[in-house]
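For ligands, and for the atoms within them, numbers begin at 1 and follow the listed sequence. Each residue takes its place number in the sequence, starting with 1.
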Amino acid sequence: MVRGFSPAAAAAVFRRQNFLIRCLGGYRKEKNYSNNFHHHCVIRMHSAMSGGPSLEADAVSILRSITPTLDPTRHKGQAGKVAVIGGCREYTGAPYFSAISALKLGADVSHVFCTKDAATVIKSYSPELIVHPILEESYSIRNDEKGSISAKVIEEVDKWMERFDCLVIGPGLGRDPFLLDCVSNIMKRARESNVPMVIDGDGLFLVSNSPDLVRGYPLAVLTPNVNEYKRLVQKILNCEVNDEEGSKQLLALAKGIGGVTILRKGKSDFITDGEKVSAVSIYGSPRRCGGQGDILAGSVAVFLSWARQSAYRGELGTNPTILGCIAASAILRKAASLAFDQKKRSTLTSDIIECLGRSLEEICAVIS
Ligand SMILES: NC(=O)C1=CN([C@@H]2O[C@H](COP(=O)(O)OP(=O)(O)OC[C@H]3O[C@@H](n4cnc5c(N)ncnc54)[C@H](O)[C@@H]3O)[C@@H](O)[C@H]2O)[C@@H](O)CC1
Ligand SMILES: Nc1ncnc2c1ncn2[C@@H]1O[C@H](COP(=O)(O)OP(=O)(O)OP(=O)(O)O)[C@@H](O)[C@H]1O
Ligand SMILES: [Mg+2]
(Lines give C-alpha, C1' and ligand atoms only; values in the text may rest on other atoms or scores of the structure.)
(Ligands and ions follow the chains in the order given, each with its own letter.)
Protein backbone atom coordinates (compact mmCIF):
# COMPACT_ATOMS: atom_id res chain seq x y z
CA MET A 1 0.00 0.00 0.00
CA VAL A 2 1.16 3.58 -0.63
CA ARG A 3 2.02 5.11 2.79
CA GLY A 4 -0.57 7.59 4.04
CA PHE A 5 -3.20 6.44 1.53
CA SER A 6 -6.31 4.39 2.20
CA PRO A 7 -6.38 1.02 0.36
CA ALA A 8 -8.93 2.47 -2.10
CA ALA A 9 -6.76 5.53 -2.79
CA ALA A 10 -3.65 3.36 -3.16
CA ALA A 11 -5.48 1.16 -5.64
CA ALA A 12 -6.56 4.28 -7.56
CA VAL A 13 -2.94 5.52 -7.68
CA PHE A 14 -1.82 2.09 -8.86
CA ARG A 15 -4.50 2.04 -11.57
CA ARG A 16 -3.54 5.56 -12.69
CA GLN A 17 0.16 4.59 -12.87
CA ASN A 18 -0.70 1.51 -14.92
CA PHE A 19 -2.90 3.61 -17.20
CA LEU A 20 -0.11 6.09 -17.87
CA ILE A 21 2.35 3.27 -18.54
CA ARG A 22 -0.11 1.72 -20.99
CA CYS A 23 -0.62 5.11 -22.67
CA LEU A 24 3.09 5.50 -23.20
CA GLY A 25 3.64 2.13 -24.79
CA GLY A 26 2.70 -0.51 -22.28
CA TYR A 27 4.61 -3.37 -20.75
CA ARG A 28 6.20 -5.77 -23.17
CA LYS A 29 7.43 -9.33 -22.76
CA GLU A 30 10.14 -9.52 -25.45
CA LYS A 31 13.50 -10.50 -24.11
CA ASN A 32 15.64 -8.17 -26.20
CA TYR A 33 13.21 -5.32 -26.59
CA SER A 34 11.84 -5.39 -23.06
CA ASN A 35 9.57 -2.42 -22.59
CA ASN A 36 8.79 -2.55 -18.91
CA PHE A 37 8.53 0.66 -16.98
CA HIS A 38 12.16 0.47 -15.87
CA HIS A 39 13.28 0.17 -19.48
CA HIS A 40 11.08 3.11 -20.38
CA CYS A 41 12.69 5.19 -17.62
CA VAL A 42 16.16 4.19 -18.81
CA ILE A 43 15.27 5.42 -22.30
CA ARG A 44 14.06 8.67 -20.80
CA MET A 45 17.23 9.07 -18.76
CA HIS A 46 19.39 8.26 -21.74
CA SER A 47 17.53 10.83 -23.79
CA ALA A 48 17.87 13.44 -21.07
CA MET A 49 21.58 12.72 -20.78
CA SER A 50 22.23 13.04 -24.49
CA GLY A 51 20.04 16.07 -24.99
CA GLY A 52 20.20 17.79 -21.58
CA PRO A 53 18.08 17.45 -18.44
CA SER A 54 14.27 17.13 -18.40
CA LEU A 55 13.70 17.54 -22.14
CA GLU A 56 11.04 14.83 -22.25
CA ALA A 57 7.65 16.29 -23.13
CA ASP A 58 4.43 15.33 -21.35
CA ALA A 59 2.97 13.95 -24.57
CA VAL A 60 -0.14 12.43 -22.96
CA SER A 61 -1.27 15.76 -21.47
CA ILE A 62 -0.52 17.54 -24.73
CA LEU A 63 -2.53 15.02 -26.74
CA ARG A 64 -5.47 15.41 -24.39
CA SER A 65 -5.32 19.18 -24.53
CA ILE A 66 -5.34 19.47 -28.33
CA THR A 67 -7.39 16.53 -29.63
CA PRO A 68 -10.91 17.78 -30.41
CA THR A 69 -13.96 15.99 -29.11
CA LEU A 70 -16.24 14.27 -31.63
CA ASP A 71 -19.01 16.80 -31.30
CA PRO A 72 -22.21 16.20 -33.34
CA THR A 73 -22.54 19.93 -34.01
CA ARG A 74 -19.29 20.06 -35.99
CA HIS A 75 -19.33 19.97 -39.76
CA LYS A 76 -17.02 18.42 -42.35
CA GLY A 77 -13.71 20.19 -42.47
CA GLN A 78 -13.59 21.42 -38.89
CA ALA A 79 -11.40 18.51 -37.79
CA GLY A 80 -8.85 19.40 -40.45
CA LYS A 81 -8.23 19.67 -44.18
CA VAL A 82 -4.73 18.77 -45.22
CA ALA A 83 -2.93 18.46 -48.54
CA VAL A 84 0.19 16.51 -49.42
CA ILE A 85 2.36 17.85 -52.24
CA GLY A 86 4.24 14.75 -53.39
CA GLY A 87 4.14 11.65 -55.52
CA CYS A 88 6.03 11.10 -58.76
CA ARG A 89 6.93 8.26 -61.12
CA GLU A 90 9.17 6.49 -58.56
CA TYR A 91 7.33 7.18 -55.33
CA THR A 92 3.63 6.65 -54.86
CA GLY A 93 3.73 5.07 -51.39
CA ALA A 94 5.10 8.06 -49.49
CA PRO A 95 2.34 10.61 -50.32
CA TYR A 96 -0.30 7.92 -49.78
CA PHE A 97 1.12 7.07 -46.32
CA SER A 98 1.10 10.76 -45.29
CA ALA A 99 -2.36 11.51 -46.63
CA ILE A 100 -4.08 8.36 -45.31
CA SER A 101 -2.44 8.78 -41.88
CA ALA A 102 -4.01 12.21 -41.61
CA LEU A 103 -7.44 10.71 -42.26
CA LYS A 104 -6.91 7.75 -39.93
CA LEU A 105 -6.07 10.14 -37.09
CA GLY A 106 -9.28 12.07 -37.60
CA ALA A 107 -8.76 14.77 -40.25
CA ASP A 108 -11.89 15.23 -42.38
CA VAL A 109 -10.34 15.72 -45.80
CA SER A 110 -6.98 14.76 -47.28
CA HIS A 111 -5.76 15.85 -50.72
CA VAL A 112 -2.71 14.80 -52.74
CA PHE A 113 -1.15 17.01 -55.44
CA CYS A 114 1.16 14.80 -57.51
CA THR A 115 2.41 14.09 -61.03
CA LYS A 116 0.09 12.63 -63.63
CA ASP A 117 2.00 9.32 -63.56
CA ALA A 118 1.48 8.91 -59.84
CA ALA A 119 -2.15 10.03 -59.62
CA THR A 120 -3.95 6.93 -60.88
CA VAL A 121 -1.77 4.70 -58.75
CA ILE A 122 -2.45 6.74 -55.60
CA LYS A 123 -6.19 6.87 -56.33
CA SER A 124 -6.19 3.10 -56.67
CA TYR A 125 -4.74 2.71 -53.17
CA SER A 126 -7.69 4.54 -51.66
CA PRO A 127 -10.94 6.17 -52.70
CA GLU A 128 -10.77 8.31 -49.55
CA LEU A 129 -8.10 10.62 -50.95
CA ILE A 130 -8.73 13.53 -53.29
CA VAL A 131 -5.98 13.33 -55.87
CA HIS A 132 -4.94 16.17 -58.21
CA PRO A 133 -2.69 15.09 -61.12
CA ILE A 134 -1.17 18.53 -61.73
CA LEU A 135 2.61 18.28 -61.38
CA GLU A 136 4.97 17.46 -64.26
CA GLU A 137 8.54 16.20 -64.38
CA SER A 138 10.99 17.45 -67.03
CA TYR A 139 11.04 14.15 -68.94
CA SER A 140 7.34 14.40 -69.81
CA ILE A 141 7.27 17.96 -71.22
CA ARG A 142 9.03 20.14 -73.80
CA ASN A 143 11.15 23.10 -72.75
CA ASP A 144 8.83 25.58 -74.45
CA GLU A 145 5.88 24.26 -72.39
CA LYS A 146 7.50 24.88 -69.01
CA GLY A 147 6.24 28.47 -68.54
CA SER A 148 2.61 27.67 -69.24
CA ILE A 149 2.67 24.46 -67.17
CA SER A 150 4.21 26.24 -64.23
CA ALA A 151 1.46 28.89 -64.37
CA LYS A 152 -1.21 26.18 -64.60
CA VAL A 153 0.13 24.39 -61.53
CA ILE A 154 -0.14 27.54 -59.43
CA GLU A 155 -3.58 28.30 -60.80
CA GLU A 156 -4.83 24.82 -59.77
CA VAL A 157 -3.30 24.94 -56.28
CA ASP A 158 -4.55 28.50 -55.74
CA LYS A 159 -8.14 27.30 -56.10
CA TRP A 160 -7.69 25.25 -52.97
CA MET A 161 -4.97 26.93 -50.94
CA GLU A 162 -7.13 29.01 -48.58
CA ARG A 163 -9.15 25.92 -47.64
CA PHE A 164 -6.21 23.94 -46.28
CA ASP A 165 -5.26 23.94 -42.61
CA CYS A 166 -1.82 22.56 -43.42
CA LEU A 167 0.31 21.41 -46.36
CA VAL A 168 2.78 18.53 -46.26
CA ILE A 169 5.49 19.25 -48.80
CA GLY A 170 7.81 16.53 -50.05
CA PRO A 171 6.89 12.89 -49.37
CA GLY A 172 7.75 11.07 -52.59
CA LEU A 173 8.19 14.32 -54.50
CA GLY A 174 11.39 13.32 -56.30
CA ARG A 175 14.14 15.75 -57.22
CA ASP A 176 13.34 16.83 -60.77
CA PRO A 177 14.48 20.48 -61.07
CA PHE A 178 11.39 21.69 -62.97
CA LEU A 179 9.02 19.98 -60.54
CA LEU A 180 10.91 21.42 -57.56
CA ASP A 181 10.67 24.87 -59.16
CA CYS A 182 6.87 24.52 -59.34
CA VAL A 183 6.80 23.37 -55.71
CA SER A 184 8.86 26.44 -54.69
CA ASN A 185 6.09 28.58 -56.19
CA ILE A 186 3.47 26.62 -54.25
CA MET A 187 5.43 27.24 -51.04
CA LYS A 188 5.59 30.97 -51.75
CA ARG A 189 1.80 31.03 -52.21
CA ALA A 190 1.27 29.07 -48.99
CA ARG A 191 3.34 31.64 -47.11
CA GLU A 192 1.34 34.52 -48.60
CA SER A 193 -1.83 32.79 -47.38
CA ASN A 194 -0.35 31.96 -43.94
CA VAL A 195 -0.92 28.24 -44.43
CA PRO A 196 1.32 26.07 -42.21
CA MET A 197 3.71 23.72 -44.01
CA VAL A 198 5.32 20.48 -42.89
CA ILE A 199 8.44 19.96 -45.02
CA ASP A 200 9.67 16.38 -45.34
CA GLY A 201 11.55 14.06 -47.72
CA ASP A 202 12.48 15.76 -50.99
CA GLY A 203 10.91 18.98 -49.70
CA LEU A 204 13.89 19.09 -47.34
CA PHE A 205 16.26 18.56 -50.27
CA LEU A 206 14.65 21.66 -51.82
CA VAL A 207 14.81 23.69 -48.61
CA SER A 208 18.44 22.70 -47.93
CA ASN A 209 19.32 24.31 -51.28
CA SER A 210 16.86 27.23 -50.99
CA PRO A 211 16.42 28.03 -47.28
CA ASP A 212 14.82 31.37 -48.12
CA LEU A 213 11.64 29.45 -48.95
CA VAL A 214 11.05 28.99 -45.22
CA ARG A 215 13.37 31.55 -43.59
CA GLY A 216 11.47 33.63 -41.04
CA TYR A 217 8.23 31.65 -41.51
CA PRO A 218 7.06 30.47 -38.07
CA LEU A 219 4.42 28.17 -39.62
CA ALA A 220 7.05 25.95 -41.26
CA VAL A 221 7.97 22.62 -39.65
CA LEU A 222 10.97 20.67 -40.96
CA THR A 223 11.01 16.93 -40.17
CA PRO A 224 14.50 15.69 -41.16
CA ASN A 225 15.68 12.09 -40.88
CA VAL A 226 19.34 11.36 -40.28
CA ASN A 227 20.41 12.11 -43.90
CA GLU A 228 18.21 15.15 -44.27
CA TYR A 229 19.46 16.56 -40.95
CA LYS A 230 23.06 16.06 -42.03
CA ARG A 231 22.43 17.96 -45.28
CA LEU A 232 20.69 20.80 -43.44
CA VAL A 233 23.54 21.14 -40.91
CA GLN A 234 26.14 21.12 -43.69
CA LYS A 235 24.31 23.68 -45.82
CA ILE A 236 23.08 26.05 -43.10
CA LEU A 237 25.75 25.78 -40.39
CA ASN A 238 28.69 24.83 -42.64
CA CYS A 239 29.77 22.03 -40.32
CA GLU A 240 29.17 18.36 -39.53
CA VAL A 241 26.56 16.93 -37.16
CA ASN A 242 27.86 16.92 -33.59
CA ASP A 243 25.79 14.73 -31.30
CA GLU A 244 27.87 15.65 -28.26
CA GLU A 245 26.29 19.10 -28.55
CA GLY A 246 23.02 17.81 -30.02
CA SER A 247 20.61 20.30 -28.44
CA LYS A 248 22.89 23.27 -28.99
CA GLN A 249 23.35 22.43 -32.65
CA LEU A 250 19.62 21.86 -33.19
CA LEU A 251 18.86 25.28 -31.65
CA ALA A 252 21.56 26.85 -33.83
CA LEU A 253 20.07 25.23 -36.93
CA ALA A 254 16.55 26.51 -36.17
CA LYS A 255 17.97 29.99 -35.50
CA GLY A 256 20.22 29.74 -38.56
CA ILE A 257 17.28 29.09 -40.85
CA GLY A 258 15.31 31.69 -38.93
CA GLY A 259 12.21 31.08 -36.86
CA VAL A 260 11.12 27.65 -38.14
CA THR A 261 10.32 24.55 -36.09
CA ILE A 262 12.51 21.47 -36.53
CA LEU A 263 11.56 17.91 -35.57
CA ARG A 264 14.76 15.88 -35.77
CA LYS A 265 13.82 12.19 -36.11
CA GLY A 266 15.83 9.38 -34.57
CA LYS A 267 16.09 7.12 -31.54
CA SER A 268 14.50 10.04 -29.71
CA ASP A 269 12.71 12.76 -31.62
CA PHE A 270 13.96 16.27 -30.74
CA ILE A 271 11.78 19.29 -31.39
CA THR A 272 12.67 22.97 -31.28
CA ASP A 273 11.48 26.37 -32.42
CA GLY A 274 14.91 27.83 -31.72
CA GLU A 275 14.05 28.74 -28.13
CA LYS A 276 13.77 25.43 -26.30
CA VAL A 277 14.31 21.75 -27.14
CA SER A 278 11.72 19.08 -26.25
CA ALA A 279 12.18 15.35 -26.65
CA VAL A 280 9.85 12.43 -27.31
CA SER A 281 11.58 9.18 -26.46
CA ILE A 282 8.68 6.89 -25.58
CA TYR A 283 9.05 3.38 -26.85
CA GLY A 284 8.38 2.84 -30.57
CA SER A 285 9.57 -0.12 -32.56
CA PRO A 286 12.91 -1.67 -33.54
CA ARG A 287 11.64 -2.04 -37.14
CA ARG A 288 12.90 0.72 -39.43
CA CYS A 289 10.81 -0.03 -42.53
CA GLY A 290 10.52 2.88 -44.99
CA GLY A 291 7.45 5.08 -44.72
CA GLN A 292 7.32 5.77 -40.97
CA GLY A 293 8.55 9.31 -41.55
CA ASP A 294 5.72 9.78 -44.05
CA ILE A 295 3.20 8.78 -41.37
CA LEU A 296 4.84 11.29 -39.05
CA ALA A 297 4.61 14.13 -41.59
CA GLY A 298 0.87 13.55 -42.16
CA SER A 299 0.33 13.27 -38.40
CA VAL A 300 2.17 16.52 -37.65
CA ALA A 301 -0.15 18.26 -40.14
CA VAL A 302 -3.23 17.05 -38.24
CA PHE A 303 -2.04 17.70 -34.68
CA LEU A 304 -0.59 21.06 -35.65
CA SER A 305 -3.98 22.06 -37.10
CA TRP A 306 -5.76 20.92 -33.95
CA ALA A 307 -3.25 22.69 -31.70
CA ARG A 308 -3.74 25.89 -33.67
CA GLN A 309 -7.50 25.60 -33.19
CA SER A 310 -7.01 25.15 -29.42
CA ALA A 311 -4.62 28.12 -29.35
CA TYR A 312 -7.15 30.22 -31.25
CA ARG A 313 -9.70 29.46 -28.52
CA GLY A 314 -7.12 30.64 -25.97
CA GLU A 315 -6.70 27.16 -24.47
CA LEU A 316 -2.92 26.83 -24.82
CA GLY A 317 -0.02 28.68 -23.29
CA THR A 318 2.66 27.13 -25.51
CA ASN A 319 3.61 27.40 -29.18
CA PRO A 320 0.96 25.20 -30.90
CA THR A 321 3.42 24.11 -33.58
CA ILE A 322 5.66 22.53 -30.96
CA LEU A 323 2.68 20.82 -29.31
CA GLY A 324 1.54 19.42 -32.67
CA CYS A 325 4.99 17.94 -33.29
CA ILE A 326 5.18 16.35 -29.84
CA ALA A 327 1.69 14.86 -30.19
CA ALA A 328 2.42 13.41 -33.64
CA SER A 329 5.73 11.92 -32.59
CA ALA A 330 4.19 10.25 -29.53
CA ILE A 331 1.22 8.81 -31.45
CA LEU A 332 3.40 7.43 -34.25
CA ARG A 333 5.80 5.79 -31.79
CA LYS A 334 2.93 4.26 -29.82
CA ALA A 335 1.30 2.98 -33.04
CA ALA A 336 4.64 1.51 -34.13
CA SER A 337 4.92 -0.29 -30.82
CA LEU A 338 1.35 -1.67 -31.09
CA ALA A 339 2.01 -2.87 -34.64
CA PHE A 340 5.31 -4.46 -33.63
CA ASP A 341 3.55 -6.33 -30.81
CA GLN A 342 1.46 -8.10 -33.44
CA LYS A 343 3.73 -8.39 -36.46
CA LYS A 344 7.26 -8.38 -35.07
CA ARG A 345 9.88 -8.50 -37.85
CA SER A 346 7.27 -8.43 -40.60
CA THR A 347 5.80 -5.10 -39.40
CA LEU A 348 5.19 -2.77 -42.36
CA THR A 349 4.22 0.87 -42.58
CA SER A 350 0.63 -0.06 -43.43
CA ASP A 351 0.45 -2.11 -40.20
CA ILE A 352 1.50 0.95 -38.23
CA ILE A 353 -1.11 3.08 -40.01
CA GLU A 354 -3.77 0.55 -38.94
CA CYS A 355 -2.72 1.13 -35.31
CA LEU A 356 -2.91 4.94 -35.41
CA GLY A 357 -6.57 5.02 -34.39
CA ARG A 358 -6.08 2.69 -31.41
CA SER A 359 -2.95 4.56 -30.42
CA LEU A 360 -4.88 7.84 -30.15
CA GLU A 361 -8.00 6.19 -28.72
CA GLU A 362 -6.08 4.73 -25.77
CA ILE A 363 -5.02 8.24 -24.80
CA CYS A 364 -8.06 10.28 -25.85
CA ALA A 365 -11.03 7.92 -25.74
CA VAL A 366 -14.03 9.01 -27.81
CA ILE A 367 -16.24 7.99 -24.86
CA SER A 368 -14.33 8.07 -21.58
N1 LIG B 1 7.13 3.79 -50.36
C2 LIG B 1 7.56 4.99 -50.75
O3 LIG B 1 7.14 5.54 -51.77
C4 LIG B 1 8.57 5.69 -49.90
C5 LIG B 1 9.18 6.80 -50.45
N6 LIG B 1 10.03 7.56 -49.74
C7 LIG B 1 10.50 8.77 -50.40
O8 LIG B 1 11.77 8.53 -50.93
C9 LIG B 1 12.41 9.77 -51.15
C10 LIG B 1 13.80 9.73 -50.57
O11 LIG B 1 13.69 9.62 -49.17
P12 LIG B 1 14.84 8.96 -48.29
O13 LIG B 1 14.36 8.92 -46.91
O14 LIG B 1 15.29 7.67 -48.88
O15 LIG B 1 15.94 10.09 -48.48
P16 LIG B 1 17.42 10.13 -47.98
O17 LIG B 1 17.92 11.49 -48.21
O18 LIG B 1 17.51 9.57 -46.61
O19 LIG B 1 18.19 9.14 -48.96
C20 LIG B 1 17.87 9.07 -50.31
C21 LIG B 1 18.91 8.37 -51.14
O22 LIG B 1 19.25 9.31 -52.12
C23 LIG B 1 20.61 9.51 -52.13
N24 LIG B 1 20.86 10.94 -52.45
C25 LIG B 1 21.38 11.84 -51.63
N26 LIG B 1 21.50 13.01 -52.26
C27 LIG B 1 21.01 12.83 -53.51
C28 LIG B 1 20.84 13.68 -54.65
N29 LIG B 1 21.24 14.94 -54.65
N30 LIG B 1 20.25 13.18 -55.75
C31 LIG B 1 19.87 11.91 -55.79
N32 LIG B 1 20.03 11.05 -54.76
C33 LIG B 1 20.59 11.51 -53.63
C34 LIG B 1 21.09 9.09 -50.75
O35 LIG B 1 22.43 8.67 -50.86
C36 LIG B 1 20.14 7.99 -50.39
O37 LIG B 1 20.58 6.75 -50.86
C38 LIG B 1 11.52 10.82 -50.50
O39 LIG B 1 10.69 11.41 -51.45
C40 LIG B 1 10.70 10.00 -49.56
O41 LIG B 1 9.49 10.65 -49.20
C42 LIG B 1 10.33 7.29 -48.34
O43 LIG B 1 9.47 8.12 -47.62
C44 LIG B 1 10.13 5.83 -47.98
C45 LIG B 1 8.85 5.24 -48.52
N1 LIG C 1 16.44 4.38 -33.93
C2 LIG C 1 15.14 4.63 -33.72
N3 LIG C 1 14.49 4.15 -32.64
C4 LIG C 1 13.19 4.39 -32.44
N5 LIG C 1 12.43 5.15 -33.26
C6 LIG C 1 13.02 5.66 -34.33
C7 LIG C 1 14.40 5.45 -34.65
N8 LIG C 1 14.68 6.09 -35.79
C9 LIG C 1 13.53 6.68 -36.19
N10 LIG C 1 12.55 6.42 -35.32
C11 LIG C 1 11.16 6.89 -35.40
O12 LIG C 1 10.61 6.61 -36.66
C13 LIG C 1 9.96 7.78 -37.18
C14 LIG C 1 10.42 7.95 -38.61
O15 LIG C 1 11.78 8.28 -38.60
P16 LIG C 1 12.75 7.87 -39.78
O17 LIG C 1 14.11 8.33 -39.40
O18 LIG C 1 12.56 6.42 -40.12
O19 LIG C 1 12.14 8.79 -40.94
P20 LIG C 1 12.37 8.71 -42.49
O21 LIG C 1 13.70 8.15 -42.83
O22 LIG C 1 12.05 10.06 -43.01
O23 LIG C 1 11.22 7.71 -42.94
P24 LIG C 1 10.65 7.45 -44.41
O25 LIG C 1 11.08 6.09 -44.76
O26 LIG C 1 9.16 7.58 -44.26
O27 LIG C 1 11.19 8.51 -45.31
C28 LIG C 1 10.35 8.96 -36.28
O29 LIG C 1 9.24 9.58 -35.70
C30 LIG C 1 11.16 8.36 -35.19
O31 LIG C 1 10.58 8.61 -33.95
MG1 LIG D 1 11.43 10.47 -45.02
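- Of the candidates Gly266, Gly170, Gly284, the one placing a heavy atom closest to atom 6 (C) of ligand 2 is Gly266.
- Distance check for atom 21 (C) of ligand 1: every protein heavy atom is found at 4.0 Å or beyond.
- The protein heavy atom nearest to atom 25 (O) of ligand 2 is Gly291 N, 2.7 Å.
- Dense packing is recorded around CZ of Arg288, with more than 12 heavy atoms of other residues, nucleotides or ligands lying under 6.0 Å away.
- Distances below 4.0 Å separate heavy atoms of Phe205 from the following atoms of ligand 1: 29 (N).
- Within a 6.0 Å radius of NZ in Lys255, more than 12 heavy atoms belonging to other residues, nucleotides or ligands are found.
- Atom 14 (C) of ligand 2 has its closest protein heavy atom at Gly293 N, 3.6 Å.
- For Asp165 and Ser305, the side-chain atoms include no donor-acceptor pair closer than 3.5 Å.
- Annotation: atom 13 (C) of ligand 2 to nearest protein heavy atom, Leu332 CD2, 3.7 Å.
- Of all protein heavy atoms, the one closest to atom 1 (N) of ligand 2 is Lys267 CA, 3.7 Å.
- Looking at Glu136, Glu137, Arg142 one by one, the single match for side chain to side chain donor-acceptor pair (under 3.5 Å) with Ser140 turns out to be Glu136.
- Closer than 4.0 Å to atom 37 (O) of ligand 1 lies none of the heavy atoms of the protein.
- From the protein, the heavy atom lying nearest to atom 11 (O) of ligand 1 is Glu228 OE2, 4.6 Å.
- Atom-to-atom distance recorded for Cys325:SG and Ile271:CD1 is 5.5 Å, nearest 0.5 angstrom.
- Residue-ligand proximity, Asn225 to ligand 1, at heavy-atom distances under 4.0 Å covers atoms 13 (O), 18 (O).
- Short contacts between ligand 2 and Gly290, defined as distances under 4.0 Å to a heavy atom of the residue, involve ligand atoms 25 (O).
- A heavy-atom distance below 4.5 Å is not found between the side chains of Cys114 and Pro95.
- Considering only non-hydrogen protein atoms, atom 39 (O) of ligand 1 sits nearest to Asp202 OD2, 2.5 Å.
- Within a 4.0 Å radius of atom 29 (N) of ligand 1, the protein contributes one or more non-hydrogen atoms.
- Under the 3.5 Å distance criterion, with hydrogens and angles disregarded, a donor-acceptor pair is assigned to the side chains of Ser138 and Asp176.
- Polar contact check, Gly201 against ligand 1: no nitrogen or oxygen pair lies under 3.5 Å apart.
- Counting only non-hydrogen atoms, the option in Glu228, Gln292, Arg288 that gets closest to atom 11 (C) of ligand 2 is Arg288.
- Remark: atom 14 (O) of ligand 1 lies closer than 4.0 Å to no protein heavy atom.
- Ligand 1 has at least one atom lying under 4.0 Å from a heavy atom of Gly291.
- The closest approach between a heavy atom of Gly201 and any atom of ligand 2 is not below 4.0 Å.
- Inter-residue side-chain proximity for Leu55 and Lys276 is flagged as unmet; no heavy-atom pair is nearer than 4.5 Å.
- Residue contacts with ligand 2 leave out Ser329, since none of its heavy atoms falls under 4.0 Å from the ligand.
- Checking Asp71 against Thr73 by side-chain atom types alone, a donor-acceptor pair falls below 3.5 Å.
- Residues Lys265 and Gly293 approach most closely at NZ-CA, 3.7 Å, considering heavy atoms.
- Counting atoms of ligand 1 from 1 in the listed order, those under 4.0 Å from a heavy atom of Asp294 are 41 (O), 42 (C), 43 (O), 44 (C), 45 (C).
- In the model, Tyr125 has a side-chain atom that pairs as donor or acceptor with a side-chain atom of Thr92 under 3.5 Å.
- Follow the hydrophobic side-chain contacts under 4.5 Å out from Ile186 and you reach Leu206 in the same cluster.
- By the criterion of a heavy-atom distance under 4.0 Å, the side chain of Arg175, and not its backbone, is placed next to ligand 1.
- When the heavy atoms of Arg333, Arg264, Lys265 are ranked by distance to atom 22 (O) of ligand 2, first place goes to Lys265.
- Shown in contact with Asp294 at under 4.0 Å from a heavy atom are these atoms of ligand 2, numbered in order with element: 26 (O).
- Contact between Tyr96 and ligand 1 is absent, with no heavy atom of the residue lying under 4.0 Å from the ligand.
- A donor-acceptor contact closer than 3.5 angstrom is absent between the side chains of Asn227 and Lys230.
- Residue-to-ligand polar distances keep Leu296 apart from ligand 2: every N/O pair is separated by 3.5 Å or more.
- Closer than 4.0 Å to atom 34 (C) of ligand 1 lies none of the heavy atoms of the protein.
- Side-chain contact between Val82 and Val109 is absent, with no heavy-atom pair separated by less than 4.5 Å.
- Contacts with ligand 2 closer than 4.0 Å are made by no heavy atom of Thr349, backbone or side chain.
- Atom 21 (O) of ligand 2 has Asn225 ND2, 2.9 Å as its closest protein atom, hydrogens excluded (heavy atom only).
- For atom 19 (O) of ligand 1, the closest non-hydrogen atom of the protein is Asn227 ND2, 3.6 Å.
- Between Ala297 and Val198, the shortest heavy-atom contact is O-CG1, 4.0 Å.
- Atom 9 (C) of ligand 1 lies below 4.0 Å from at least one non-hydrogen atom of the protein.
- Taking atom 30 (C) of ligand 2 as the reference point, the nearest protein heavy-atom neighbour is Asp269 OD1, 3.2 Å.
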**Asked** Is there a salt bridge (Lys or Arg N to Asp or Glu O under 4.0 Å) between Lys248 and Asp243 once you walk through the steps?
**Response** CA-CA 9 Å; Lys248 220 167 131 190; Asp243 281 325; over 6 Å; no

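- Closer than 4.0 Å to atom 41 (O) of ligand 1 lies at least one heavy atom of the protein.
- Under a 4.0 Å criterion applied to the non-hydrogen atoms of Arg231, ligand 1 contributes the atoms 17 (O), 25 (C), 26 (N).
- In the model, Glu315 has no side-chain atom that pairs as donor or acceptor with a side-chain atom of Ser65 under 3.5 Å.
- Panel note: side chain Glu228, backbone Asn225; a donor-acceptor pair is recorded below 3.5 Å.
- Looking at Gly86, Ala118, Ala94, Gly170, it is Ala94 that brings a heavy atom closest to atom 3 (O) of ligand 1.
- Counting only heavy atoms from C-beta outward, the side chains of Leu356 and Ser101 approach each other to under 4.5 Å.
- Here is the list of ligand 1 atoms found below 4.0 Å of a heavy atom in Pro171: 41 (O).
- Remark: ligand 1 atoms within the under-4.0 Å shell around heavy atoms of Leu173 are 39 (O).
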**Request:** Report the C-alpha separation of Thr223 and Tyr229 in whole Å, then their side-chain angles, then the decisive distance to 0.1 Å, and conclude whether the side-chain contact (heavy atoms from CB on, under 4.5 Å) test is met.
**Result:** CA-CA 8 Å; Thr223 54; Tyr229 188 72; over 6 Å; no

